[in-house]
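Contents: one structure, followed by commentary.
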Amino acid sequence: MSLTRREFIKKSAALTAASYVGLNLPLGETERARGEETEKWVRGTCRLCGVGCRLDLGVKNGKAVALRGVADSRTNLGYVCMKGMLFYKLIGHPDRLTKPLYRTKKDQPFKEISWDQALDIAAREFAKAVKEHGNDSVAYYGSGQAQTEETYLFQKIFRAGLQTNNVEGNPRLCMASAVGGYVTSFGADEPIGSYSNIEKTNCFFIIGSNMAEAHPVIFRRVMRRKLDHPKDVTVINVDPRVSPTSRIADIHLQFKPGTDLALMNAMANVIIEEKLFDEKFVSDYCVFKKQEEKEAKTVDFEAYKEFISEYTPEKAAAICGGNITPDIIRQVSRTFAQSKGTVSMWCMGLNQRIRGVWANNLVNNLHLLTGQICRPGADSLSLTGQPNACGGVREGGGLCHILPGHRPVENDKARNQVEELWGVPAGRIPPKPGLHTMALFSAVNEGKIKAIWINCTSPAQSLPNVDFYRKGMRRDDVFLVCTDVFPTKTTELANLVLPTAFHFEKTGVYGCTERRSQLTPKAVDPPGEAKPEVWIAREWTLRLARELKDPVIEKCIEPFKGLEEGWALPKAVWDEYTQKLTKGRDNDLRGATYEVMKGMADGVQWPAPTEDFARKGGTEIKFVRGIDPMADSEAKDDKPFQFYGPAHADRKLYVWLRPHAGAAEEPDAEYPFVLSTGRIIDHWHTSSMTGRIPELMRANPYAFIEVNPKDAARLGIKPGDMVEVESHRGKNVLPAKVYEGPIEGMVFVYWHDMDEDRMINKVCKDAFDPISKEPEFKISAARIRRVSGSVPLKPYIVSL
Amino acid sequence: MKRGFHFEAAMIGASLAISVHMSFAGEKAVHPAVTEQEKLMPCFECHKTATPKIYTEWFESTHGIANVKCYQCHGTYEDLKKVPDVSACAVCHQEAFGHSEGKMCWECHPAHGFVAKE
């Protein structure tokens, strides 16, 4: 690319810090304040993606008046994107939910009620469901945007109090395949390395991720690395769609959607055939695994070699189509293996697939074969979509099969340990995992779930095949509670809507992509009667215990009774979680106390067993002796790497024999296109927040359908024409964007739009990965047709 | 008073130099009349043709590659600024403030291209 050949500005070494400057928020002439006139700067984390950008919010007279990135933060180095720059407009936004709202039937209007009434109703309905239909008739569905304290407290109440493992969260829809990949490859969830590898690597392998839009501030670091070292750094972008991420790519591999497993196996084939693998690393640390029936069988290197020999570059190129040739496969394989350091980055393109875990395994395989791991500049880094999918949901026990501290529910020893730590009777937590997200909403459809608490997320828009699942949420025999900051498509289906505090209106921790937990203290008061979720959960539990006459339920919140909600309450919850539940676990966060994090520009990467270690930032690279304290404390031999992850008792890394597999729903004569979905930079998830910020809404007021020019010409579609996209499940009508983005035969729609005619999850398929249970949003068979010429459209946001 | 206030807000060790646009940094500007429907278009859709040089400079700059968009510096219709308040730069580049006293950022890093003058 010509851009990569240009001379770009280098960072000046003479830059000096000016700690007092920041953006003055336009709060009106009388309230406008200079950065240095703020009463205080409150340092916290952006909540509008998983990067974990740190920023300071300037406060004066109880209002947010200024904003700046935190230059010393190891996540964002001071940079923020437009969402981070403008989120302050949501604090005090006129659409905020400020009073509890209730209705007995879902076709009635809401009535404002008091908190006492609201909490009594919620307790009564959940108790009624338990008494009449059993413990598994209730459920919690949380969020990767909820703070760790919130996820931890809710799951504790549901598991030990209500005795159900029906605890799920929206990370099932985005990160579950990455969890499955890490656990089965490395024996432990979450990335081994850190963002700091970006400035040390010589090869980026970006697959299934439009990080320029989904993770803009991390993309900026990748861009900077490439532009500063155009000859020494190679960027390989692997995606059926040319996206803004492709602008910095030296090589863009564009292929038929759903064929990337063949591509990665072919890369492994080249690495083996050309002896590019790291023989010592493989023999010291790896074993080869093949799944047979329900058991994973260990096989030898020769068996793997024979398996992978089938995936010749020639065969893979024929499967992949697009611009994939045998030569380009060989070229990228050599670059990947021979680079001084290679960092892979991926996101939903691999995770939201019927074989998402396998796809993750195959990226991890490439790193294991080449030893591109556990050293500076080399890592297999899954990008996380949400600010606290890792910290809260994956680590804090927010999925139906895992307890806090990466403990499997099914494991008796782990479960009994948690019961003991919580001071509840042995056997209180049921041994059977709860319903995963898709099974949970199927059970809602079937009327088996009688009361569900949905916190900080909107499944009525974010589930695949969403119309099908909205039928269940509409049922009048399903009592639905929503805790949220704004009206959403899900509050439209709720009986009880409880207004919550936005971040910076409450205190809590987010754990970002790179295992880093970061504190956001309360800076301003929430509007009206909005409350932090930890307060809501505690007060509801007190009433629930009375309704069910069960002292063990009250025991769940015993340590938190009477504590002030702005700091003391979340701190007590965090302390219990970290000091008790993470002690000795691979995500040991005992050193990451509120006091330690409060004094940091960013936060703490686990494991961090002591405060002294946590103050330095924690563990930059897991499993490396001398860097990771647990690699020393858990060492079993004198090798430099100690893979002590909880899932692999043999302490080995697994190279998996995973065959190529296509999508659950391939195009056919009736539905000849592949529909894929994704993000756009200006919006976040269901746009309940970003859609209420005028700059962001105007930048992308409604979803559109991207059509390849060859397909458009064949179907008579011109830019701006209204196009119907239809699958077996539903249809949308959207304006066309005709450009060389999606490969021929593929269309792309971003998924944020709330308008029923442009809500693409109505069209997406709800098949899910049999291992991770994550749905295959990324591939659905669809057909398209031109409906009309250009039509003026209006943006749409739900109101009460 | 208003202009001075904006400058005070914006200028940390910078001069009050008039920009090349003959407009003051941070001063509100009025966009040529557009309909509410037309406001629902990304700025660049019109500016590709209305100000092609600026568009190209931005598109090829690090801001263009990293998707730093027009409204992040210039605001939107209600608070549009032809010359941005330099405090908008400070959100991301506060580390750079003070390294060249008495100058606005764009005196050395020309607007939209941002490549430092040799």
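Nothing here was measured: the structure is a model prediction, and the numbers come from that model. Chain identifiers are assigned alphabetically (A, B, ...) following the order of the sequence lines, protein sequences preceding nucleic acid strands; residue numbering begins at 1 within each chain.
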Next on the checklist: Run B:D79 and A:E695 through side-chain contact (heavy atoms from CB on, under 4.5 Å) and show every step you take.
Outcome noted: CA-CA 10 Å; B:D79 62 349; A:E695 291 91 331; 4.2 Å; yes
Checklist entry - Do the non-hydrogen side-chain atoms of A:R224 and B:T62 ever get within less than 4.5 Å of each other? => result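 Yes; the side chains approach each other to less than 4.5 Å.
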Next on the checklist: Is any side-chain heavy atom of B:K69 closer than 4.5 Å to one of A:I681?
Outcome noted: yes
Pick one of side chain, backbone, both or neither for [X], based on which atoms fall under 4.5 Å of a heavy atom in chain B.
| X | value |
| --- | --- |
| A:M223 | side chain |
| A:L86 | side chain |
| A:N700 | side chain |

Item to check | From A:T245 atom OG1 to B:I65 atom CD1, the distance as rounded to the nearest 0.5 Å | outcome: 12.0 Å
Minimum heavy-atom separation for [X] and [Y], please, with both atom names.
| X | Y | value |
| --- | --- | --- |
| A:Y79 | B:C92 | CD2-CB, 3.7 Å |
| A:L67 | B:V91 | O-CG2, 4.0 Å |
| A:M85 | B:Q72 | CE-O, 2.9 Å |

Item to check | For A:R758, all residues meeting salt bridge (Lys or Arg N to Asp or Glu O under 4.0 Å), sequence neighbours excluded | outcome: A:D753, A:D755
Next on the checklist: Please evaluate residues A:D72 and B:E95 with respect to the criterion side-chain contact (heavy atoms from CB on, under 4.5 Å), reporting the C-alpha separation (whole Å), side-chain torsions for both, the decisive distance (0.1 Å), and the verdict.
Outcome noted: CA-CA 9 Å; A:D72 294 337; B:E95 208 183 7; 5.5 Å; no
Item to check | Within 45° cone of B:F59 ring axis and under 6.0 Å: A:R247 NZ or CZ | outcome: yes
Side-chain atoms of residues 37-47 of chain B: list all donor-acceptor pairs with protein atoms under 3.5 Å, sequence neighbours left out, distances to 0.1 Å.
{"unit_1": "B:Q37", "atom_1": "OE1", "unit_2": "A:K794", "atom_2": "NZ", "d": "2.9"}
{"unit_1": "B:Q37", "atom_1": "NE2", "unit_2": "A:L793", "atom_2": "O", "d": "2.7"}
{"unit_1": "B:E38", "atom_1": "OE1", "unit_2": "B:T35", "atom_2": "N", "d": "2.9"}
{"unit_1": "B:E38", "atom_1": "OE1", "unit_2": "B:T35", "atom_2": "OG1", "d": "3.4"}
{"unit_1": "B:K39", "atom_1": "NZ", "unit_2": "B:E36", "atom_2": "OE2", "d": "2.9"}
{"unit_1": "B:H47", "atom_1": "ND1", "unit_2": "B:T51", "atom_2": "OG1", "d": "3.0"}

Item to check | Intermediate values then yes/no, side-chain contact (heavy atoms from CB on, under 4.5 Å), B:Y71 and A:R698 | outcome: CA-CA 10 Å; B:Y71 62 82; A:R698 280 177 182 154; over 6 Å; no
